[in-house]
Amino acid sequence: MAGDLPLAQDDIERLNAGLADALDDDYGSLGRQLGRRGIDIGAVKAKVAGFSVAVPSWGAGRGGTRFAKFPIPGEPTNIHEKLEDCAVIQQLGRATPRVSPHFPWDKVSDYRALRDEAAALGLGFDAVNSNTFQDQPGQAVSYATGSLSSTRADVREQAVAHNIECIEIGKQLGVTDLTVWVGDGTNFPGQQDLGRSLDRYLDAASEVYAALPGDWRMLIEHKMFEPAFYSTVISDWGSSILVAQELGEKAKCLVDLGHHAPNVNIEQIVARLHRFGKLGGFHFNDSKYGDDDLDSGSINPHQLFLVFNELVEAEMNPRGDFRPAYMIDQSHNVTDPIESMLSSAEAIVGAYAKALLVDREALLAAQEANDTMMAFQALRAAYRTDVTPILAAARAEAGGAIDTIAAYRASGWRGRKAQERRAAGTTAGIV
Ligand code: LRH
Ligand code: MN
C-alpha cells in the first residue's frame, strides 16, 4: 500500500470540497444529456476509472532540442526524484500509476529496492526502454555505425547484450515488456545496403527475442526519420509489422504518434496492426511537423480521438491477446513537466471517454447504408461532448484532484523541490 504519497491528501480534499457542488451540477446535467442518448454515465465513468497510461521517466525532467535545454529549478535529475514527481502526477490525476523507465538513464545498483521505493509512492513500472542510440562513458564500441543493424558484429553483440540486460532489469522491476527503438539508418544514398541493414537487424533482434521470458513482449517502435535523415531501418509500420511477424508471437508493434510524416492516417495504422494481432503499445504525444514530442492532444485532439475510436472498436473485437501498453512519450521544453503530464493524461483519458460515447450501432448502420453524413455525425456527436465532469468525478472518487493543475500549484511542490534538489544541467538534447 502506498505509504508516503508526496502531497498532503487533506489539501487535495479541501480544494475538491470547494469545487464539488459545481462538479455535481455539471455531472448531473451531462448524465441527463447522455441518458437521453441512451448512455449510462456511470458505466462510462467506471470504464474511465479503469483506464490508465504510463508516464515516461525521461518526461519528468525538462527536455531539450539539439539547440538548447532550459532547465527549471527543482526539476528531477535522477530516477528517485523522477519517481517522486511521477507520484505527484498519480496522486493528483489518478490515471498514471506506472512509470516507463529508460536504461541506462535510470540505472541504479538495486532494482528491487527501486521497485519497493516506487510502490511506497503508489507507483509500478511499465515497459523498459533500451538505448542503443547514444554512447555511454566506458562503452566498448560506439553506436556511430548503428546498433542492431550495424555492419560490425561487435557492435551488434553489444546492442543485443544491452537489450538482454534491460530484460534482466525489467524482471526485477516486475514488468513484462521491452520497448526497442533503434535510430539506425543513413544520411546518404548508398551509405548502407537497405536490404542487408534489415537482415542484420533481424538477426540481432532475433537474439534479443530468444532471451524474452515466456510472458514477455518485445515492442518494436518504428520512426520515419531522426537521427538518420536519408533512411531509417525500422521507418514505418510496414517494416515494423513484417519484423514482428518474422520474429514471432511475442513481438508486437508500438505506435509513437510523432513518428509519422505529417497527415499520415495513424488511426488506420492502428486498425491494421490490430487486424493482424500485432498492436502492442503506444507512445502518446502530439506534433505539427516532425517528432516534436509535444503534449498529447495539444495540436490535433481530433486525431487522438480517432485513434481511441479504433482502440474501442478493437477492445470490442479483440484479436489475440489485446492488451496494448499505453504510455506517454513527450519532451517538455517550455512547461513544468508535471503540469504537462497532468494535462496530457487528461487529454488521453478524455479521448478514450469520448470514444466510449460513440453510438456504434448507429455508426455501423450508417456505414452499411453508405450514409456518409450520419456515419460522420455518429463520431462527431461523441467528439463534441465535454467529458470533463466524468473525468473529474472518477478522479475525485479515486482520491485525486478535481482541478489537477490548480491543486499542483497550490501544493508549492516545485518551489519546495527547488530548495532541496541540485540544479539540472543545461546540456542540449532530449534529457
Ligand atoms: C525516439 C523515442 C523512443 C525513446 C526516445 C526517448 O524518438 O520516441 O521511444 O526511446 O524517444
Ligand atoms: Mn517513443
Side-chain angles (χ1 to χ4, degrees), residues 53-66 69 79 82 86 98-107 125-136 143 146-149 159 162-163 165-166 169-170 175 177-185 205 208 217-229 232-237 239-240 252-261 264 266 269-270 273 279-296 304 307 324-333 337 340-341 344 348 427-431:
V53 57
V55 288
S57 62
W58 61 93
R62 266 281 178 92
T65 69
R66 58 184 168 168
K69 174 184 165 181
I79 185 60
K82 290 175 181 178
C86 291
R98 296 176 310 284
V99 177
S100 180
H102 217 299
F103 298 101
W105 294 340
D106 299 326
K107 209 175 184 80
F125 287 97
D126 207 308
V128 289
N129 295 268
S130 59
N131 177 342
T132 59
F133 52 87
Q134 292 173 325
D135 288 343
Q136 307 302 329
Y143 290 127
S147 63
L148 294 175
S149 78
H162 168 66
N163 277 281
E165 183 199 359
C166 289
I169 293 171
V175 309
D177 284 337
L178 167 70
T179 298
V180 181
W181 170 69
V182 297
D184 295 20
V208 177
R217 299 181 302 181
M218 186 170 165
L219 306 179
I220 309 291
E221 183 178 2
H222 61 272
K223 182 174 181 178
M224 184 172 67
F225 76 100
E226 188 205 42
F229 295 101
T232 291
V233 174
I234 308 297
S235 58
D236 56 21
W237 75 276
S239 309
S240 181
K252 305 281 185 183
C253 306
L254 182 143
V255 179
D256 183 313
L257 299 193
H259 288 186
H260 306 87
V264 160
I266 298 175
I269 293 173
V270 171
L273 292 172
L279 185 60
F282 285 86
H283 278 177
F284 292 115
N285 48 54
D286 214 332
S287 51
K288 196 163 179 59
Y289 305 105
D291 186 21
D292 311 339
D293 280 340
L294 300 175
D295 288 11
S296 300
L304 189 60
V307 165
Y326 293 140
M327 298 173 278
I328 290 173
D329 177 4
Q330 292 170 190
S331 180
H332 307 116
N333 304 355
S340 269
M341 292 210 268
S344 302
I348 293 163
T427 322
I430 183 167
V431 290

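Each ligand, and each atom within it, is numbered from 1 in the order the structure gives. Numbers here simply count residues along the sequence, with the first being 1. The figures that follow rest on heavy atoms only: side chains count, while hydrogens, waters and symmetry mates do not.
- Within the 4.0 Å heavy-atom criterion, neither part of Glu226 lies near ligand 1.
- Between Trp181 and ligand 1, no N or O atom pair is found at a separation short of 3.5 Å.
- Electrostatic pairing of Lys107 and Glu165 counts as a salt bridge here, judged by a charged N lying under 4.0 Å from a carboxylate O.
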Give the intermediate values and the outcome of side-chain hydrogen bond (donor to acceptor under 3.5 Å, both in side chains) for residues Ser147 and Thr132. CA-CA 6 Å; Ser147 63; Thr132 59; 3.0 Å; yes
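- The part of Asp291 lying near ligand 1 is the side chain, judged by heavy-atom distances below 4.0 Å.
- In this structure, the ring of His102 has its center less than 6.0 angstrom from the ring center of Phe133.
- Close contacts between ligand 1 and Glu221 involve ligand atoms 2 (C), 3 (C), 8 (O), 9 (O) [criterion: under 4.0 Å to a heavy atom].
- Between Asp291 and Lys223 there is a salt bridge, with a side-chain nitrogen of the basic residue lying less than 4.0 Å from a carboxylate oxygen of the acidic one.
- Residue Ser130 places no N or O, backbone or side chain, under 3.5 Å from any N or O of ligand 1.
- In the vicinity of Asp256, heavy-atom distances shorter than 4.0 Å reach the ligand 1 atoms 8 (O).
- Polar contact check, Asn129 against ligand 1: no nitrogen or oxygen pair lies under 3.5 Å apart.
- Annotation: protein N, O or S atoms under 2.8 Å of the Mn ion (ligand 2) (waters excluded) comprise Glu221 OE2, Asp256 OD2, His283 ND1, Asp329 OD2.
- The closest side-chain donor-acceptor pair between Trp58 and Gln330, if any, does not fall under 3.5 angstrom.
- A centroid separation of less than 6.0 Å is found between the aromatic rings of His222 and His260.
- Applying the 4.0 Å criterion to heavy atoms of His283 picks out, from ligand 1, the atoms 9 (O).
- Between Asp293 and ligand 1, a contact under 3.5 Å exists for no N or O pair.
- No side-chain donor-acceptor contact under 3.5 Å links Trp181 and Asn131.
- Asp184 and Ser149 share a donor-acceptor pair across their side chains, judged by distance under 3.5 Å alone.
- For the residue pair Asp295/Asn285, the side-chain donor-acceptor check at 3.5 Å is not satisfied.
- Under the 30°/60° scheme for interplanar angles, the aromatic rings of Phe284 and Phe282 are found to lie parallel.
- Evaluated for a side-chain contact (heavy atoms from CB on, under 4.5 Å) with Leu178, the options Asn129, Ile220, Val208 yield exactly one hit, Val208.
- Close approach of ligand 1 to Trp58 (heavy-atom distance below 4.0 Å) involves ligand atoms 6 (C).
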